[in-house]
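Here, residue 1 is the first one in the sequence, and each next residue gets the next number.
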Amino acid sequence: MNRIVTMVLKNLGIVPGAWIKLCRYAKHTEEYPEEEKYRHIQYILEHAIKGGNIELQVSGQENIPRENGFMLYSNHQGMFDILAIAATCDAPIGVVLKKELYNIPFLHQIAICTKSFAMDREDVRQSLTVIQNVTQEVKSGRNYLIFPEGTRSRLGNTMVDFHSGSFRCATKSHCPIIPIALIDCFKVLDQKGSKPVTVQIHYLKPILYEEYKDMNTTGLAALVRGRIEEKISECV
């Protein structure tokens, strides 16, 4: 059985109310506190994860800064990546996601509630505008997640190259960077079936501005990728 169907069937008791509430938050997003909206999203994800026979093994949550205004950079394995991180990161986050995902029901409502941005990687000008917008939001104290591979690798736990341009948000906002190593996330929604699956989410030690201030974005991308790759190699 498809895992999404399993998630829904096992949560029929909460789905209607949770969906209506999420849509209300999205429709009138400016009327509700960010914390309230984010906790509701986590409530939904908690039930979906349990209903989908998914076990999350998380490490390094103490590395998430207590003060807002930071960037998360993660390897990208599949459609479940965003949900896994949102479910385990207590600080509210927005996401830079590809435009094709922005209008998918549920993801669309989450995107609105978290002030996430859709990026068209075929449109250089639009991509630069998104980077500028995220930079300003981080400077104002919000937190964002970017997948610097640009698209899921489709190679399991093997990464592809990072796009250095995505690191301009950090270099321009001078914010802490938290690398995230995802392991086996691709098994959740990118493979058939709904058998129990275990996913690892590792929040690595922050890279502070003092550590990368003299680097260009290419060097910074290599640094972050290297730390994620090292963690994956340790765990696989």
With sequence neighbours excluded, what pairs up with Lys172 under the salt bridge (charged side-chain N to carboxylate O under 4.0 Å, His left out) test?
none

Gap between atom CE of Met71 and atom SG of Cys169 - 0.5 Å precision
4.5 Å

Contacts of type side-chain hydrogen bond (donor to acceptor under 3.5 Å, both in side chains), residue Tyr203, not counting sequence neighbours:
Thr88

Note: Arg225 and Asp161 closest approach over all heavy atoms is NE-CA, 4.1 Å

What residue pairs, at least two apart or across chains, pass ring-ring contact (aromatic ring centres under 6.0 Å, His included) with a residue in residues 174-198?
His174-Tyr209

Checking side-chain contact (heavy atoms from CB on, under 4.5 Å) between Asp81 and each of Val95, Ile180, Leu182, which is the one that passes?
Leu182

How close do Asp190 and Gly78 get, heavy atom to heavy atom, and via which atoms?
OD1-CA, 3.4 Å

Within the 3.5 Å criterion, strictly below it, is a donor on Asn53 or Lys10 matched to an acceptor on the partner's side chain?
yes

Taking Tyr212 for the side chain and Leu223 for the main chain, is one N or O donor matched with an acceptor at less than 3.5 Å?
no

If you group Ile, Leu, Val, Met, Phe, Trp and Tyr by side-chain heavy-atom gaps below 4.5 Å, do Leu97 and Val134 land in one group?
no

Side chains of Gln42 and His40: any donor to acceptor distance under 3.5 Å?
no

Atom pair OG/CE of Ser166 and Met119 - distance to nearest 0.5 Å:
8.0 Å

Residues in salt bridge (charged side-chain N to carboxylate O under 4.0 Å, His left out) with Arg39, at least two apart?
Glu35

Give me each pair satisfying ring-ring contact (aromatic ring centres under 6.0 Å, His included) with a member in residues 75-100, each pair once, sequence neighbours excluded.
His76-Phe147

Look at the side-chain heavy atoms of Ile, Leu, Val, Met, Phe, Trp and Tyr, link any pair under 4.5 Å apart, and say whether Leu56 and Leu204 land in one connected group.
no

Acceptor/donor pairs from residues 45-52 side chains to any protein atom, 3.5 angstrom cut, sequence neighbours excluded:
from: His47; atom 1: ND1; to: Tyr43; atom 2: O; distance (Å): 3.0

With sequence neighbours excluded, tell me which residues meet salt bridge (charged side-chain N to carboxylate O under 4.0 Å, His left out) with Asp90.
none

Do the side chains of Arg3 and Ile54 get nearer than 4.5 Å, heavy atoms only?
yes

Thr198 vs Gln57, side-chain contact (heavy atoms from CB on, under 4.5 Å): CA-CA, chis, key distance, verdict
CA-CA 7 Å; Thr198 299; Gln57 295 182 348; 3.5 Å; yes

Do Phe70 and Ile178 come within less than 4.5 Å of each other through their side chains, counting heavy atoms only?
yes

For residues His202 and Ser59, report the shortest heavy-atom separation together with the two atoms involved.
ND1-OG, 2.5 Å

When you look at CE of Met79, are more than 12 heavy atoms from neighbouring residues, nucleotides or ligands closer to it than 6.0 Å?
no

Between Gln77 (side chain only) and Gly156 (backbone N and O only), is there a donor and an acceptor less than 3.5 Å apart?
yes

Pairs where residues 63-75 contributes a residue and the test side chain to side chain donor-acceptor pair (under 3.5 Å) is met, not counting sequence neighbours
Asn68-Asn143

Side chain to side chain donor-acceptor pair (under 3.5 Å) pairs touching residues 93-112, sequence neighbours excluded, are Lys99-Asp120

Looking at every heavy atom in both Tyr25 and Cys113, which two are closest together, and how far apart are they?
CB-SG, 3.6 Å

Pair Arg227 + Glu211: basic N to acidic O under 4.0 Å
yes

From CZ (Phe162) to CD (Glu229), nearest 0.5 Å:
8.5 Å

Same hydrophobic cluster for Ile183 and Val224, using side-chain heavy-atom links shorter than 4.5 Å among ILVMFWY?
yes

When you group the ILVMFWY residues by side-chain heavy-atom contacts below 4.5 Å and let the links chain together, are Leu107 and Leu72 in the same group?
yes

Heavy-atom donor-acceptor pair, Asn11 side chain to Ile14 backbone, under 3.5 Å
no

Return each pair, listed once, that meets ring-ring contact (aromatic ring centres under 6.0 Å, His included) where at least one residue sits in residues 50-69; pairs must be two or more places apart or across chains.
none

Is it the case that Lys37 and Thr29 place a side-chain donor and acceptor less than 3.5 Å from each other?
yes

Determine whether Val130 and Leu128 make a side-chain contact, defined as any pair of heavy atoms from C-beta on separated by less than 4.5 Å.
no

Considering only heavy atoms from C-beta outward, does the side chain of Val197 approach that of Glu55 to under 4.5 Å?
no

Is the closest side-chain heavy-atom distance between Phe106 and Ile44 below 4.5 Å?
yes

Less than 4.5 Å apart, side chain to side chain, heavy atoms only: is that true for Val96 and Ser116?
no

What's the spacing between Ile207 CD1 and Leu220 CG if we round to 0.5 Å?
6.5 Å

Distance-minimising heavy-atom pair for Met159 and Ile228:
SD-CG2, 3.7 Å

Pairs in or reaching into residues 130-142: which pass side chain to side chain donor-acceptor pair (under 3.5 Å), with residues at least two apart or in two chains?
Glu34-Arg142, Lys115-Glu137, Arg142-Tyr144

Taken in chain and number order and not counting sequence neighbours, the residues that satisfy salt bridge (charged side-chain N to carboxylate O under 4.0 Å, His left out) with Lys187 are Asp184

Distance (rounded to the nearest 0.5 Å) between Met7 CE and Asn2 CG
9.0 Å

For residues Ala26 and Ile112, report the shortest heavy-atom separation together with the two atoms involved.
O-CG2, 3.3 Å

Is Ile177 linked to Leu145 within one hydrophobic cluster, defined over Ile, Leu, Val, Met, Phe, Trp and Tyr using a side-chain heavy-atom separation of less than 4.5 Å?
no

Look at atom CD of Glu62 and say whether more than 12 heavy atoms of other residues, nucleotides or ligands are closer to it than 6.0 Å.
yes

Does Glu234 reach the side chain of Lys231, with side-chain heavy atoms less than 4.5 Å apart?
yes

Pairwise side-chain contact, Ile64 with Cys89, heavy-atom cut-off 4.5 Å (strictly under):
yes

